[in-house]
Amino acid sequence: MAAEAYLYLPDECWECVFKFLNNHEVDKDNSYFKFPNITSLALKRGFHRNSNAFRGDRNAFLHQISRLPLKLTSLDLTSQVFIPADGLRDFSQNITTLTSLNFSDMDSIKISDMLLIADCFPSLEELDIGRIAIFHDQNSFIDGIKTLSLALSKLRKINLSTHSYMTDECLFHLFNNCKFLEEVIIFDCFNITNVGIVYALCERPKFKSLHFTNRTDNCSNLLDILRNCPSLSNIKMKYPYQYMWEESVDNSNSLMVVSPQLETLCLAGNTWLSDESIIIFASIFPNLQLLDLSYCNKISEGICEVLKRCGKIRHLNLSYCSKVKLFGMNFEAPKLEVLNLSHRRVNNAQLHVISKSCPRLLQLSLENCNYVSNTGVKHVAENCIQLREINLKNCQKVHPKVVDSMIFSRPTLRKIIVPPRYRYRFNDGERELLCHGCLLC
């Protein structure tokens, strides 16, 4: 097939495929054509001509799928124009094993779609209807979310990001009715208040993961949430860029809360965060394993104190943190495995300090770090003896020949995103590189 050809099958071809599968399902002599282990199906919308996404009639396709003896548990209909209601009804009547449904990034959703989900899929444990435009009567959606919460009694995880109709009352109904609820994503639901979040969390004392948009200029809402839900182990707090307030940290209240259970904290884009605030976080979250501070451009030396106090951090994202300084890492970060320093002014001297302090590093991203040269990369290859992946994309001062030398000097490497001007030539030398099992991208 020509390289420019795209993977598209017309409806007639799909019909032939399903007839073929159905015929062989009842043929004992051809049992090798059975597919009992298929549990997940994704029908994603194609935006480009060369995309291999599904382009056929979704309703007809789901109708055909419903006739097969499958035990699907996951259905992904991401980025569709609309929800294929007729096909889903047929699907739900014959395939009753579904526990995960994804409608995220739809062009729009109607109240009838919400009621259809409640009626057809009562066994759902995960529902993603985030990032969908709400054009219809928002008051009807308030009733819809109440109906949904009553119908989906087994729900554990739900994404309602950008559902502008969501209020504190809606959130309370969700937490109160879904007894097994563990994770809620409510980014950009601006009618939900911090008080409403705290009030709802009181209904689910074993709740684990919350993703929300922070509209305050301090840490008080985060601390209130932790006081009222001590079981939380994963928090992602987004900050709307249109708000540019100055930070205000209440130290006396902050130190009253210690949350040893919190393992994941994402504060990406919270531009008000300073060294003082992240040092407070280090005091109250001693067992952090993942910390995302990307785009927090007021942080500088404080990150060293965080790493010193939180010795269990395995994954640290400092991309786009323009002021972060790591010269103070005169100690070892014993468990740090993934470090993202992309789009920062990290130089060879900083990289040398990092490589000595993080000997167990597995993945390092230096994308667009224009002050890093061959010297800094060689420090990493020499000192990070377990390194498996490194990203050197757009590192203008890193010579292409360094890639070959890294593979030989650090045999643990399995993936290198190469610097500019690197040219892969399949000669005898390259064959030898391939034998080391390192993928060059």
Side-chain angles (χ1 to χ4, degrees), residues 39-48 51-59 61-62 65 72-89 91-92 95 98-136 138 140-142 144-145 147-149 151-152 154-166 170-171 174-175 178 181-192 208-213 234-238 240 264 266 268-269 292:
T39 59
S40 180
L41 176 64
L43 301 178
K44 297 187 178 182
R45 176 182 176 186
F47 293 97
H48 304 288
S51 170
N52 61 356
F54 181 79
R55 293 182 178 80
D57 185 328
R58 272 77 174 167
N59 282 303
F61 186 85
L62 289 171
I65 284 287
L72 292 174
T73 59
S74 175
L75 179 62
D76 186 343
L77 293 171
T78 304
S79 302
Q80 305 297 315
V81 177
F82 58 88
I83 290 179
D86 293 338
L88 284 173
R89 288 192 186 92
F91 181 95
S92 65
I95 298 179
L98 205 70
T99 59
S100 177
L101 190 57
N102 188 346
F103 290 139
S104 61
D105 295 298
M106 285 271 183
D107 284 5
S108 65
I109 189 172
K110 304 189 295 291
I111 182 60
S112 59
D113 297 326
M114 300 275 279
L115 300 179
L116 180 145
I117 294 171
D119 184 49
C120 294
F121 303 103
S123 298
L124 280 183
E125 297 179 15
E126 298 183 5
L127 175 62
D128 190 340
I129 48 176
R131 303 178 302 279
I132 299 179
I134 308 294
F135 295 119
H136 305 274
Q138 299 207 357
S140 63
F141 278 94
I142 293 176
I145 201 68
T147 301
L148 201 66
S149 66
L152 307 183
K154 298 180 180 179
L155 197 66
R156 294 186 299 104
K157 175 180 177 180
I158 187 168
N159 186 351
L160 293 167
S161 296
T162 72
H163 283 236
S164 54
Y165 64 87
M166 285 290 294
C170 291
L171 194 66
L174 188 67
F175 276 72
C178 301
L181 200 62
E182 295 179 348
E183 180 173 347
V184 168
I185 304 172
I186 46 173
F187 288 134
D188 300 324
C189 295
F190 294 120
N191 286 322
I192 296 176
K208 294 181 180 180
S209 180
L210 177 65
H211 297 189
F212 69 106
T213 300
N234 182 343
I235 293 179
K236 187 169 184 179
M237 188 171 75
K238 179 181 174 183
T264 300
C266 178
D292 186 349

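Just so you know, these numbers use all the heavy atoms, side chains as well, and skip hydrogens, waters and symmetry mates.
Atoms CZ and CG, from Arg58 and Leu43 in turn, are 7.0 Å apart once rounded to the nearest 0.5 Å. Once rounded to the nearest 0.5 Å, the distance linking OG of Ser100 with CG of Leu72 reads 11.5 Å. Interatomic distance, Arg156 CZ to Glu182 CD, rounded to the nearest 0.5 Å: 5.5 Å. Taken to the nearest 0.5 Å, the CD1 atom of Ile95 stands 12.5 Å off from the SG atom of Cys120. For the atom pair CG of Asn102 and OG of Ser74, the computed distance is 7.5 Å after rounding to the nearest 0.5 Å. Note that the OG atom of Ser104 and the CG atom of Leu160 stand 12.0 Å from one another [nearest 0.5 Å].
Residues Phe103 and Ile83 have side chains in contact (heavy-atom distance under 4.5 Å, counting atoms from C-beta outward). The shortest distance between side-chain heavy atoms of Asp188 and Lys238 falls below 4.5 Å. A 4.5 Å side-chain heavy-atom check between Phe212 and Ile185 finds every atom pair outside the cut-off. Contact annotation: the side chain of Ile109 approaches that of Met114 to within less than 4.5 Å [non-hydrogen atoms, C-beta and beyond]. For the pair Phe121 and Ser92, the minimum side-chain heavy-atom distance is below 4.5 Å. With contacts defined as side-chain heavy-atom distances shorter than 4.5 Å, the pair Asp105/Ile132 does not qualify. At least one side-chain heavy atom of Ile117 sits under 4.5 Å from a side-chain heavy atom of Leu148. Side-chain contact between Ile158 and Asp128: absent, with no pair of heavy atoms (C-beta onward) separated by less than 4.5 Å.
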Derivation of the side-chain contact (heavy atoms from CB on, under 4.5 Å) call for Asn234 and Leu210: CA-CA 6 Å; Asn234 182 343; Leu210 177 65; over 6 Å; no

Residue pair Leu88, Leu116: steps toward the side-chain contact (heavy atoms from CB on, under 4.5 Å) verdict: CA-CA 9 Å; Leu88 284 173; Leu116 180 145; 4.1 Å; yes

Leu115/Thr147 under side-chain contact (heavy atoms from CB on, under 4.5 Å): CA gap, chis, key distance, verdict: CA-CA 7 Å; Leu115 300 179; Thr147 301; 4.0 Å; yes

Worked check of side-chain contact (heavy atoms from CB on, under 4.5 Å) between Phe82 and Asp107: CA-CA 6 Å; Phe82 58 88; Asp107 284 5; over 6 Å; no

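Classification of Lys154 and Glu125 as a salt-bridged pair fails, no side-chain N sitting under 4.0 Å from a carboxylate O. Residues Lys236 and Asp292 are not paired through a salt bridge, judged by the lack of any N-O separation under 4.0 Å between the basic side chain and the carboxylate.
For the pair Met166 and Asn191, the tightest heavy-atom approach, listed with the atom from each and the gap, is O-CB, 3.1 Å. A pairwise comparison of heavy atoms in Cys178 and Ser149 identifies SG-O, 3.6 Å as the closest pair. The shortest non-hydrogen separation linking Leu62 to Pro84 is CD1-CG, 3.7 Å. Between Cys170 and Ile145, the closest heavy-atom pair is SG-CG2, 3.6 Å. In terms of heavy atoms, Leu155 sits closest to Glu126 at CD1-N, 4.1 Å. Between Thr162 and Arg131 the shortest heavy-atom distance is OG1-CA, 3.2 Å.
Remark: the backbone N or O of Ala42 is not paired with any side-chain donor or acceptor of Asp76 at under 3.5 angstrom. In this structure, Asn59 contributes its side chain and Asp86 its backbone to a donor-acceptor pair below 3.5 Å. At distances below 3.5 Å, at least one donor-acceptor pair connects side-chain atoms of His163 with backbone N or O atoms of Ile129. In terms of modelled atom types and a separation under 3.5 Å, the side chain of Asp113 and the main chain of Lys110 share a donor-acceptor contact. Between the side chain of Thr99 and the main chain of Leu124, no donor-acceptor pair closer than 3.5 Å is present.
Residues forming a salt bridge (Lys or Arg N to Asp or Glu O under 4.0 Å) with Lys157 (at least two apart in sequence, or on another chain): Glu183. Ser161 meets the side chain to side chain donor-acceptor pair (under 3.5 Å) test with Asn159; sequence neighbours excluded.
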